[in-house]
Number of protein chains: 2
Amino acid sequence: MKSAKRPVRMADIARAAGVSVMMVSRAYRDGGSVSEEKRAHILRIAEEMGYVFDATAANLRLNRTGFVAVTVPSINNANFADTVRALGDALAREGLQILLANTEYDPDAEARLLDQLLRRKPEALVVTGGDHGEQARKLLQRAGVPVVEIWDLPAAPIGHAVGFSNSDAMVDLVGHFARAGYRRLAFIGGETPFDSRGRDRRAGFIRGVAQHGLGPPRLVDAGEVPVSMSAGAGALAQLLAQYPDTDAVLCVSDLVAFGAMTEAQRRGLRIPQDLAFGGFGNFEIGRVSLPQITTVEVSAAQIGARAARLVLDLLADPARAPARIDMQPYVIARGSS
Amino acid sequence: MKSAKRPVRMADIARAAGVSVMMVSRAYRDGGSVSEEKRAHILRIAEEMGYVFDATAANLRLNRTGFVAVTVPSINNANFADTVRALGDALAREGLQILLANTEYDPDAEARLLDQLLRRKPEALVVTGGDHGEQARKLLQRAGVPVVEIWDLPAAPIGHAVGFSNSDAMVDLVGHFARAGYRRLAFIGGETPFDSRGRDRRAGFIRGVAQHGLGPPRLVDAGEVPVSMSAGAGALAQLLAQYPDTDAVLCVSDLVAFGAMTEAQRRGLRIPQDLAFGGFGNFEIGRVSLPQITTVEVSAAQIGARAARLVLDLLADPARAPARIDMQPYVIARGSS
DNA sequence: GTGAAAGCGCTAACAT
DNA sequence: ATGTTAGCGCTTTCAC
């Protein structure tokens, strides 16, 4: 029975191994300046004594924490989860650890969380979206470390950006439907003020419809973000009541599209003959549903991977890194249209 | 144009405010031992100078990091994401920050990640699953801080547990189908060795089928975890070839059930008349799909919330906390059966 | 290859 | 209410 009263520190290992504290420190870092024999000896003793390296102390001394702070509006979204996973994997390979925070689409929460995160002295910040409250913006600007905005592509990013124009992508999707012969398009999306991606997609819809001369835009509110499948189902009911002759419904995400689609099927409508559907984000649901959903591929995982590489580049050489990386989404045509 | 050459520290604020460093420290912590006037003055100057409190230094001195390490097999799973979110929210309210790591259902990765996490000196560990590799188990046992296993309910947890018996829950689901008159049940699930939840659910299926005298269990492998919707679709094809007279398919999760269900529909089968389906986990997809999916509610968010409360209790008083908390899942009957 | 001293930025403990 | 001293556990010097 070992007592965990006082945790073991390097000095304890040093004493037990008959070396100086510095040698223990070296054994844990360089391979070079310690004889391989002694190094193995030290590490074995440390293992026996249950030593756990104290990163907190090392961080203070090194003035490097190995943290990268990341904010997402919602972790409960397969796309953001993909991004975070790819980002985390790539950063972990370089010994960096993500500090994740959920803003819940709330600008005040974002500012509060950024304030907390900055106290941990992250070496870089990766924030979802290019739209921030005044306070959050200020914190990001004076952070003193690289800032990467993802999932949007602001004209003038605070630091750097890895994303795409949600608006342009939706214009492309409208174009796809227009070319396929659909004329009476409607859009289902959320109305939350701080969801810039949802807002941009709606703006893209309006722009696309105008470009193709499809008359005044038919817009249906799906309620609060994060917009769910169920919200999509509810919104379809409203849409059919308001615009009964609609021939194609574009949705702010595949999840909403799926919900709307099932509601249409519940009402006996045939898809796409009676009503066509388009989604956004290429979620798994759209590849498995019946019919599969026409969507916009946004490469969520690649956004994370690319942001990770950008962060690593910025840490290596802040000067030689691109300011804006466009991930160029594209339409995937499927059975729903 | 301010130079961010050397970051501002407390000493800089102290000098500018004409007080000692301790007063600045106090201004940031107690409300009590600083006059409200001076406190406001200090904080204003700090704000003007762009000071950011250094948690790293405070943590070293206080021997408290405010971190809680959390491992999940996959963040890209709505259930685990719900758990992590609830856990994180509740902990954040007490000033604790989650350090999240993905094990990807790999015991070696789990051990490696735990080793990394422990160096950050978390104040508690929350790990998904009650099944660990030898190395991971050792690290957890000697961690020296509270350990909470979630989503399983081991007979003898390493420290504490918040979860449920995946096996018993599946027995209940089998019982539900048996009572509804189904006699030729099959199970679709993954075969990955270190997914103890999937394994327990399959074991529960086998046990349930035996209890109800439904003949030898019909098991179909859905491949690698995390088991996806698409894998469910593929597995259904195999199932129909191998056991064509099956009348009900129970799946390791709602996602798999949905995939299998769409494949059945693609083949023109009516649900539940020709083939019934059962899922697990009460994912949103099962509430929106057509038909909705009979499932087992496991209260993912509540697992996180309850684990958070347990961690907080353990930090306050390690003695007075329950060892095992059973979240008691229950069957939700829907249109797929 | 190895060790001694100094110090990273903060706060507990003890002054006053 | 406020200041001084010491030190958290590690690593960067700079010796040898």
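Chain letters run A, B, ... following the sequence lines, proteins first, then strands; residues in each count from 1. What you see is a predicted model, and the numbers here were worked out from it, not measured in a lab.
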*Asks:* What's the CG-P distance between A/L60 and D/dG9, to the nearest Å?
*Replies:* 12 Å
*Asks:* Hey, is the side chain of B/S20 poking within less than 4.0 Å of OP1 or OP2 on D/dT2, counting only N and O atoms?
*Replies:* no
*Asks:* Is the closest basic N to carboxylate O distance between A/E134 and A/K138 below 4.0 Å?
*Replies:* no
*Asks:* Taking atom C1' of C/dG9 as reference, at what distance in whole Å does atom OH of B/Y28 sit?
*Replies:* 13 Å
*Asks:* Please state how far atom CZ in A/R6 lies from atom C1' in D/dG9, giving the value in whole angstrom units.
*Replies:* 11 Å
*Asks:* Between B/K38 and A/T56, name the one whose nearest nucleotide on DNA chain D is closer to the 5' end.
*Replies:* B/K38
*Asks:* Could you work out which one of C/dG9, C/dC14, C/dT11 sits closest to the side chain of B/R26?
*Replies:* C/dC14
*Asks:* Specify the separation, in whole Å, of atom CZ of A/R15 and atom P of D/dC10.
*Replies:* 12 Å
*Asks:* Any side-chain N or O of B/S25 under 4.0 Å from OP1/OP2 of C/dT11?
*Replies:* yes
*Asks:* Between A/D54 (CG) and D/dT11 (C1'), how many Å, whole number?
*Replies:* 13 Å
*Asks:* By nearest nucleotide on DNA chain D, pick out whichever of B/G18 and B/N63 is the more 5' one.
*Replies:* B/G18
*Asks:* Is there a donor and acceptor pair closer than 3.5 Å between the side chain of A/R39 and the base of C/dG1?
*Replies:* no
*Asks:* Categorize A/M22 for me: base, sugar-phosphate, or nothing, with a 4.0 angstrom heavy-atom threshold over every strand shown.
*Replies:* base
*Asks:* Check whether the side chains of B/N59 and B/T65 place a donor and an acceptor atom closer than 3.5 Å, and report yes or no.
*Replies:* no
*Asks:* Hey, does the side chain of B/H160 reach the backbone of B/P322 with a donor-acceptor pair shorter than 3.5 angstrom?
*Replies:* yes
*Asks:* Where the side chain of A/S33 is concerned, which of D/dT11, C/dT2, D/dT2 is the nearest nucleotide?
*Replies:* C/dT2
*Asks:* Between D/dC10, C/dT2, C/dG9, spot the one nearest the side chain of A/V34, thanks.
*Replies:* C/dT2
*Asks:* Please report, rounded to the nearest Å, how far the C1' atom of D/dC16 is from the CE atom of A/M23.
*Replies:* 14 Å
*Asks:* Under 4.0 Å between a side-chain N or O of B/S35 and OP1 or OP2 of D/dT2?
*Replies:* yes
*Asks:* Output yes when a side-chain donor or acceptor of B/T83 lies under 3.5 Å from a complementary backbone atom of B/I303, and no otherwise.
*Replies:* no
*Asks:* With a 3.5 Å distance limit and no angle check, can you tell me whether B/T128 reaches the backbone of B/T71 through a side-chain donor-acceptor pair?
*Replies:* yes
*Asks:* Whole angstroms only, please: what is the NZ-P distance between A/K121 and C/dC8?
*Replies:* 15 Å
*Asks:* Classify the side chain of A/R61 and the base of C/dG9 as holding, or not holding, a donor-acceptor pair under 3.5 Å.
*Replies:* no
*Asks:* Output the rounded distance in Å from CD1 (B/I42) to P (C/dC10).
*Replies:* 13 Å
*Asks:* Closest approach to the side chain of A/R29, judged atom by atom: which nucleotide of D/dT11, D/dG3, D/dA1 is it?
*Replies:* D/dT11
*Asks:* Side chain of B/A57: nearest nucleotide among D/dC10, C/dC14, C/dC10?
*Replies:* C/dC10
*Asks:* Under 4.0 Å between a side-chain N or O of A/Y51 and OP1 or OP2 of D/dC10?
*Replies:* yes
*Asks:* Give a yes or no on this: more than 12 heavy atoms of other residues, nucleotides or ligands lie within 6.0 Å of atom CD of A/Q302.
*Replies:* no
*Asks:* Mind checking if B/L62 touches a base, just sugar-phosphate, or nothing, with heavy atoms under 4.0 Å?
*Replies:* sugar-phosphate
